[in-house]
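Working notes, structure below.
Here, residue 1 is the first one in the sequence, and each next residue gets the next number. One-based numbering, in listed order, for ligands and for the atoms of each.
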Amino acid sequence: MKERLVELKTEALEKVAQAEDTKALQDVKVQYLGKKGPITEVLRGMGKLPKEERPVIGQMANDVREEIQVAIDEKQTKMEEAALEKQLQEETIDVTLPGRPVQTGGPHLLTNLIEEIEDLFIGMGFEIAEGPEVEADYYNFEALNLPKGHPARDMQDSFYITEEILMRTHTSPVQARTMEQHKGKGPVKVICPGKVYRRDTDDATHSHQFTQIEGLLVDKHVRMSDLKGVLNAFAKQMFGEEREIRLRPSFFPFTEPSVEMDISCKMCGGEGCSVCKGTGWIEILGAGMVHPNVLEMAGYDPNEYTGFAFGMGPERIAMLKYGIDDIRHFYTDDVRFLNQFHKA
Ligand code: 2NL
């Protein structure tokens with residue numbers, strides 16, 4: 001019986017050593033230490049032994065049982081440790097790896113351009129004024145010397161909401177409101193940036209929604225030369241000290257006289273090229289002396305007060321400045337376009 005027990009022990013320990021996973025180890029345990037296992041069998045057969053041998057064999061069987069159990073437990077612990085070690089190896093995080101780049105947004109190029117223009121005029125003592133995009137017909141047209149039936153307020157060209165309310169077609173109504181608030185007293189010195197709306201079919205040069213910046217100065221003794229001085233300072237700061245301006249006669253219903261301002265072309269230095277279409281000059285904005293009717297409707301005495309006003313299109317200026325060939329780029333939000341104007 002002793003030999004049998006030694007044999008069982010050797011066999012069992014061999015199998016423990018060979019077990020490659022927990023399942024195999026569990027099988028060894030059931031096979032050798034289970035109720036129907038060979039050691040239990042040895043213990044059962046002890047009745048046939050001489051009395052004095054029973055405790056010796058009993059002790060030996062228990063020792064063998066104990067030894068196998070310890071071997072199984074040790075192996076089990078080793079396996080668990082190995083599994084944990086493997087998992088730790090596999091899940092190691094390399095903290096020195098560079099991070100994934102985060103996509104960051106930023107102000108739209110028109111926002112940046114408008115703020116740049118605002119800053120130049122703030123530097124000359126102007127204030128920023130804003131107003132509603134859904135506007136009364138009165139402020140959008142009537143107060144700007146465009147009475148009902150005037151050919152320049154074509155119903156077909158505006159988004160009307162009711163007969164008296166529309167999407168503003170320019171930012172001039174903000175200035176009309178600002179003048180009204182000053183109750184016939186000067187000075188008024190404002191810059192009005194914002195979105196405007198026209199009923200147009202969108203194409204490379206037209207958009208049903210775009211932006212505008214207008215300026216207005218009303219006070220006693222304001223003259224055309226004041227307008228020219230302010231516009232000249234603006235043009236030089238915005239486009240470069242070497243630029244020259246010229247004013248050409250034009251027409252707007254809300255100014256008299258009216259002018260258009262050109263700046264000398266930087267591309268060709270005035271020689272004539274494709275940007276200036278061979279003229280050496282590029283049109284930048286429209287302006288003029290505020291029409292007496294407009295002053296009067298806002299509550300000013302046109303014999304006492306005069307003013308100048310101007311208006312420009314940030315899209316047009318950006319297109320000239322950056323060589324953008326399609327106005328729709330500003331509004332289709334293609335990041336490949338927008339990112340080119342991302343400031344660091
Ligand atoms: C252009 C021309 C202009 C004005 C806008 C204005 C506003 C008031 C009174 C008089 Cl309240 N005038 N604004 C004057 C002249 C020209 O805009 O080409 N804009 C893109």
Going by the salt bridge (charged side-chain N to carboxylate O under 4.0 Å, His left out) test, which pairs reach into residues 126-137, not counting sequence neighbours?
-> Glu135-Arg177, Asp137-Lys148, Asp137-Arg153
Identify which of Met297, Glu214, Met261, Glu315 has a heavy atom lying nearest to atom 13 (N) of ligand 1.
-> Glu214
What atoms of ligand 1 come closer than 4.0 angstrom to any heavy atom of Gln212?
-> 19 (N), 20 (C)
Verify the ring-centre separation between His170 and Phe254: is it less than 6.0 angstrom?
-> yes
Under the 3.5 angstrom rule, does the side chain of Arg243 hit a backbone N or O of Met238 as a donor-acceptor pair?
-> no
Among all protein heavy atoms, pick out the one at the shortest distance from atom 3 (C) of ligand 1; state its residue, atom name and that distance to 0.1 Å.
-> Gly311 N, 3.5 Å
Ligand 1 contacted by Leu285 (non-hydrogen, < 4.0 Å) | no
What do you reckon, does Met179 put a non-hydrogen atom under 4.0 Å from ligand 1?
-> yes
Protein heavy-atom partner closest to atom 12 (N) of ligand 1 - residue, atom, separation in Å | Ala309 CB, 3.2 Å
Is the shortest side-chain N to carboxylate O distance from Arg4 to Glu7 below 4.0 Å?
-> yes
What atoms of ligand 1 come within less than 4.0 Å of a heavy atom belonging to Leu144?
-> 8 (C), 11 (Cl)
Does the ring-ring contact (aromatic ring centres under 6.0 Å, His included) test come out yes or no for Phe310 and Phe121, once each step is laid out?
-> CA-CA 12 Å; Phe310 54 88; Phe121 284 103; 5.1 Å; yes
Ion pair Lys236/Glu241, N-O distance below 4.0 Å | no
In the protein, which heavy atom is nearest to atom 10 (C) of ligand 1, and how far is it?
-> Phe254 O, 3.4 Å
Taking non-hydrogen atoms only, is Ser258 closer than 4.0 angstrom to ligand 1 via side chain, backbone, both or neither?
-> neither
Any luck finding a side-chain donor-acceptor pair between Asp326 and His329 under 3.5 Å?
-> no
So the atoms of ligand 1 within less than 4.0 Å of a heavy atom of Thr255 turn out to be 10 (C), 12 (N), 14 (C), 15 (C)
Minimal heavy-atom distance between Thr22 and Met79, with the atoms involved, is N-SD, 3.7 Å
Which ligand 1 atoms are under 4.0 Å away from a heavy-atom of Met312?
-> 19 (N), 20 (C)
